[in-house]
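Not measured: the values here are computed from a predicted model. Computed over heavy atoms, backbone and side chain alike; hydrogens, waters and symmetry mates excluded. Positions are given from 1 along the sequence.
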Amino acid sequence: MDWLFLVGTAAFSVSGYLVGVKKRFDLLGVLIVAILTAIGGGVVRDVLLNRVPIVFQDASPVSTIIATLALAWIFSLHKSWNAHMHRVFVLADSIGLIAFSLAGAQVGIDYGLNLFGVLCVGFITAVGGGVLRDMLVNDVPFILDRDFYGTVAILMAALLYTTQIFGHTGNQVLWGLFTLGLAIRLIAHTRDFRLPTV
């Protein structure tokens, strides 16, 4: 689960970085958006669970963010925003979404929460950073109208809870759920699947 958490942190760092590039922010603006995207959901989750946010105790998330942003700079992801960069953004954001939905749900399970609690914690962890990012740059958050975004986060948290109820645990189950969730998210985006509008 620690590796999955770091994968999600790196992925959301990239998505925040690319949003900052797209909006043509300066260096500090890009850093703020990237960091907020990567840690926002986890901080909100930890506050709700009445515990000190992990990012304030463990250096690995911040180290992961710094290393990821350094690599993004080295590979010149800031040079231009085009169709290719949009695909990179969607992939990175999807990886972060699924990784954090599972990691957040696991935290809820470890805290002994019921199904509703696990779904809420997984959902908040997965979408919290993205919502804060989108609000900061004056965009409509994905969870409100696009690609089964929030729905996939809830689904993956529910599946993790169900597998553990039936005694199926371990890395194989975890990475299987991660692969399934990522496939669903990317197919939903490619096919432009949406929930019915009101």
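- Atom CG of L180 is separated from atom CG of L155 by 7.0 Å, given to the nearest 0.5 angstrom.
- V33 places a side-chain heavy atom less than 4.5 Å from the side chain of V137.
- A distance of 7.0 Å separates OG1 in T163 from CD1 in I109, rounded to the nearest 0.5 Å.
- A continuous path of Ile, Leu, Val, Met, Phe, Trp and Tyr side chains, each step under 4.5 Å between heavy atoms, connects Y149 with V140, placing both in one hydrophobic cluster.
- Rounded to the nearest 0.5 angstrom, D134 CG and L36 CG are separated by 10.0 Å.
- V107 is listed as a side-chain neighbour of L49, based on a closest heavy-atom distance under 4.5 Å.
- Taking CG from L27 and CH2 from W73, the interatomic distance works out to 6.0 Å, rounded to the nearest 0.5 Å.
- Residues L4 and F178 share a closest heavy-atom pair of CD1-CD1, 3.7 Å.
- L28 and F25 fall within the same hydrophobic cluster, defined by Ile, Leu, Val, Met, Phe, Trp and Tyr side-chain heavy atoms under 4.5 Å apart, directly or through other members.
- For the ring-ring contact (aromatic ring centres under 6.0 Å, His included) test with F12, the passing option among F89, F5, F100, Y17 is F100; the others fail.
- In this structure the side chain of I32 reaches within 4.5 angstrom of the side chain of L136, judged on heavy atoms.
- With a 6.0 Å radius and a threshold of 12 heavy atoms from other residues, nucleotides or ligands, Q57 has its CD atom above the threshold.
- Nearest approach of I98 to R185, heavy atoms of both residues: CD1-CB, 4.5 Å.
- The pair R133-D93 meets the salt-bridge criterion, with a side-chain N (NZ, NE, NH1 or NH2) lying under 4.0 Å from an Asp/Glu carboxylate O.
- To the nearest 0.5 Å, atom CG of residue D2 and atom CD1 of residue I54 are 8.5 Å apart.
- Between the CG atom in L160 and the CD1 atom in I165 there is a gap of 10.5 Å [rounded to 0.5 Å].
- Nearest approach of A153 to A126, heavy atoms of both residues: CB-CB, 3.8 Å.
- Under a hydrophobic-cluster definition in which Ile, Leu, Val, Met, Phe, Trp and Tyr are linked whenever side-chain heavy atoms come within less than 4.5 Å, directly or via other members, V44 and F116 are assigned to different clusters.
- L186 and S94 make their closest contact through CD2-OG, 3.7 Å (heavy atoms, listed as atom of the first residue, atom of the second, distance).
- Here the side chains of I95 and L91 are in contact, with some heavy-atom distance below 4.5 Å.
- Within 6.0 Å of the CG atom in N50, the count of heavy atoms belonging to other residues, nucleotides or ligands does not exceed 12.
- Heavy atoms from other residues, nucleotides or ligands lying under 6.0 Å from CG of N114 number more than 12.
- In terms of heavy-atom proximity, L102 sits nearest to L174 at CD1-O, 4.0 Å.
- Annotation: side chain of V121 is not in contact with side chain of L48 (no heavy-atom distance under 4.5 Å).
- With T190 contributing its side chain and I187 its backbone, the two residues share no donor-acceptor pair below 3.5 Å.
- Residues H86 and K22 are not in side-chain contact: their nearest non-hydrogen atoms beyond the backbone lie 4.5 Å or more apart.
- Nearest approach of I154 to L119, heavy atoms of both residues: O-CD2, 3.5 Å.
- By the neighbour-count criterion of 12 heavy atoms within 6.0 Å, atom CZ of F56 is sparsely surrounded, having that number or fewer from other residues, nucleotides or ligands.
- Residues T64 and S13 are not in side-chain contact: their nearest non-hydrogen atoms beyond the backbone lie 4.5 Å or more apart.
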